[in-house]
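Notes for the one structure printed next.
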Amino acid sequence: MSGSLRELGEFGFIDRVAGLFASHLPEGTLGIGDDCAVLEGPGGAARLVTTDSVIEGVHFLRSAISSRDLGYKSLAVNLSDIAAMGGRPQEAFLSMGVSKDTEISYLEQFLQGFHELCDESGTRLMGGDTTGSTGPLFVSVTVLGTAPRGQVRLRSMARPGDAVCVTGRLGDSGGGLRVLLDDLPRDEPDNARLLERHHRPRPHIEEGPWLAGRPAVRAMMDVSDGIDSDSMRIAERAECGIDINLESVPISDELGRAAARYGWDPYEMAASGGEDYCLLVTVDPERLADVTLAFQDRFGRPLFAVGRVTDAPRRIRYFREGEAVRLGRHGWDHFRGDEEEGETR
Ligand code: ADP
Ligand code: MG
């Protein structure tokens, strides 16, 4: 491989890894390329495996997030990937690289946050690893889960004509990050709510298996990098495009008010902010009304339709009141940051 990671980008690098290790997998199993790997489970069930890391200075600042929230979040991001495949979490493994000066109380609080979400989600901590670190705190979590084989949902299952929906409001976490980065008042009530959503995202643990139990629901993934970047992941796997109506993207009252106060574009933040950890799903358009009604009944809040799958390969387009618009910022890539329009895409 020549050139730098900055040129290749996070997803280009993952494609290279997948290419180098490409091999024939047994029928019904899946390796690199979706929210979880899919393995053969007992009794015909599918076993799901996912792993995600959080690193000080990259994903969080020690001065900004409490260690309790950090423990909660480090598990939440993994549970979100299990939900995105239509599964339920079962076992977790926790690996940590910690500097020797770390206060024990800091680690205890971290474990309490982790434990709290284990209890809420029925996940058991079964092992892990602990090492020293010469610098930043490093946390890597692996979660195993299960799903009925016929209910595993992949990114590749989208079809042209499908409605594109999200299971929650977008952009709050991105707003919380802006509060931190721009050093805005953290005790102002709207800012405090945005920060809470950034630090303690709620993975859609119940919504995932429920949606996967509906045959009308086709592709699913979780929104970790922003729907702009994440729609592209579906477009790549399903060889389709996605049109998004920015005015249909659901934003919270808190984000709306903060955006008015600080001059942010809330829709752009919703599309490119990331870390919302709700689900992005595509639905058979003929059965969309039934699914949204049943979702509202079950969860007491809407399933938001934000766009449509098209047959234009790998093309994500945005519309505002029917007019095509360009997004100023794109979703998160670890080696490129949140790209400005015109840079590399
Ligand atoms: P997610 O945001 O849903 O956790 P990622 O974008 O992190 O997904 O990863 C996409 C896919 O690439 C997943 O299947 C993941 O397991 C795989 N992947 C990422 N990095 C590596 C790596 N270094 N080696 C092997 N597979 C990787
Ligand atoms: Mg994911």
Side-chain angles (χ1 to χ4, degrees), residues 1 5 8-23 25 29-39 46-55 58-59 73-89 92-93 95 121 138-145 147 152-158 164 166-168 170 173-174 201-205 207-209 211-212 219-238 242 272-282 314 316 330-339:
M1 296 186 195
L5 266 178
L8 192 57
E10 178 187 352
F11 302 106
F13 176 73
I14 293 173
D15 285 346
R16 294 277 182 104
V17 177
L20 273 173
F21 289 83
S23 60
L25 294 173
T29 62
L30 182 77
I32 297 172
D34 222 297
D35 293 285
C36 295
V38 183
L39 313 178
R47 215 51 183 128
L48 305 171
V49 189
T50 186
T51 188
D52 257 311
S53 311
V54 284
I55 300 167
V58 178
H59 299 93
K73 185 170 180 175
S74 65
L75 180 58
V77 300
N78 283 275
L79 299 187
S80 178
D81 278 325
I82 298 278
M85 304 294 286
R88 293 196 175 277
F93 294 80
S95 299
S121 61
F138 177 97
V139 178
S140 173
V141 178
T142 299
V143 174
L144 283 76
V152 174
R153 287 297 189 277
L154 309 180
R155 299 174 181 181
S156 58
M157 290 171 170
V164 176
V166 289
T167 58
L170 299 174
S173 178
R202 184 183 75 80
H204 287 196
I205 299 170
E207 290 86 337
L211 286 162
M220 301 201 338
M221 74 176 293
D222 71 329
V223 183
S224 53
D225 298 328
I227 52 165
D228 180 54
S229 172
D230 293 331
S231 299
M232 183 57 102
R233 306 283 88 79
I234 288 185
E236 285 166 353
R237 302 296 293 183
I242 290 184
S272 64
E275 293 210 291
D276 288 307
Y277 297 106
C278 63
L279 303 175
L280 177 63
V281 301
T282 80
R314 299 178 184 213
I316 311 299
H330 293 298
W332 182 254
D333 179 306
H334 265 281
F335 306 117
R336 291 171 168 171
D338 57 341
E339 300 163 23

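Only this structure's heavy atoms are used, side chains among them; waters, hydrogens and symmetry mates stay out. As the structure lists them, so they are numbered: ligands from 1, and atoms in each ligand from 1.
Side-chain contact check for M221 versus L154: every heavy-atom pair is 4.5 Å or farther apart.
Test R153, R88, R202 against E207 for salt bridge (Lys or Arg N to Asp or Glu O under 4.0 Å) and you get one pass: R202. Among the candidates D222, D276, V223, the single residue satisfying the side-chain contact (heavy atoms from CB on, under 4.5 Å) test with S80 is D222. Checking V141, L144, T142 one by one against N78, the side-chain contact (heavy atoms from CB on, under 4.5 Å) holds for a single residue, V141.
Closer than 4.0 Å to atom 11 (C) of ligand 1 lies at least one heavy atom of the protein. Within a 4.0 Å radius of atom 3 (O) of ligand 1, the protein contributes at least one heavy atom. Atom 19 (C) of ligand 1 lies below 4.0 Å from at least one non-hydrogen atom of the protein. Proximity of atom 16 (O) of ligand 1 to the protein is not indicated, since no non-hydrogen protein atom lies closer than 4.0 angstrom.
Among the atoms of D81, an N, O or S atom falls under 2.8 Å of the Mg ion (ligand 2).
Which parts of ligand 1 touch F11 is read off a 4.0 Å heavy-atom cut-off, strictly below it: atoms 6 (O). Per-residue contacts place I32 under 4.0 angstrom from the following atoms of ligand 1 (heavy atoms of the residue considered): 12 (O), 14 (O), 17 (C), 25 (C), 26 (N). Of all atoms in ligand 1, listed by their number and element, those nearer than 4.0 Å to a heavy atom of D35 are 3 (O). Every atom of ligand 1 is numbered from 1 in the order shown, and the set under 4.0 Å from a heavy atom of S224 is 2 (O).
Considering backbone and side-chain atoms alike, E10 places every N or O at 3.5 Å or more from each N or O of ligand 1. Ligand 1 has an N or O atom lying under 3.5 Å from an N or O atom of G33, backbone or side chain. Geometrically, ligand 1 and T51 share no nitrogen or oxygen pair separated by less than 3.5 Å.
With a 4.0 Å heavy-atom cut-off, ligand 1 is reached by the side chain of D52 but not by its N, CA, C or O. Of the heavy atoms in R155, only side-chain atoms (C-beta onward) come closer than 4.0 Å to ligand 1.
Summarising the geometry, atom CD1 belonging to I234 is positioned 11.5 Å from atom CE belonging to M157; distances are rounded to the nearest 0.5 Å.
In terms of heavy atoms, P209 sits closest to G87 at CG-O, 3.4 Å. Residues P89 and I82 come closest through the heavy atom pair N-CG2, 3.7 Å. The two residues A92 and V143 come nearest to each other via the heavy atoms CB-CG2, 4.1 Å. In terms of heavy-atom proximity, G33 sits nearest to R237 at O-NE, 3.6 Å. When all heavy atoms are compared, the tightest approach of A219 to A158 is CB-N, 3.4 Å. The shortest non-hydrogen separation linking C278 to L170 is SG-CD2, 3.4 Å.
Distances from the Mg ion (ligand 2) to the N/O/S atoms of D222 are shortest for OD1. Shortest distance from the Mg ion (ligand 2) to D35 is reached at OD1 (N/O/S atoms only).
Of all protein heavy atoms, the one closest to atom 13 (C) of ligand 1 is D34 O, 3.2 Å. If you check which protein heavy atom lies closest to atom 24 (N) of ligand 1, you get V17 CG1, 3.7 Å. When hydrogens are left out, the protein atom nearest atom 23 (N) of ligand 1 is F13 CE2, 4.4 Å; that is the closest non-hydrogen contact. In terms of protein heavy-atom proximity, atom 9 (O) of ligand 1 is nearest to I14 CD1, 3.9 Å.
Checked for salt-bridge contact, K73 and E275 meet the test: a charged N lies under 4.0 Å from a carboxylate O. A salt bridge links D35 with R155; the closest basic N to acidic carboxylate O contact falls under 4.0 Å.
Not a single heavy atom of F21 lies less than 4.0 angstrom from ligand 1.
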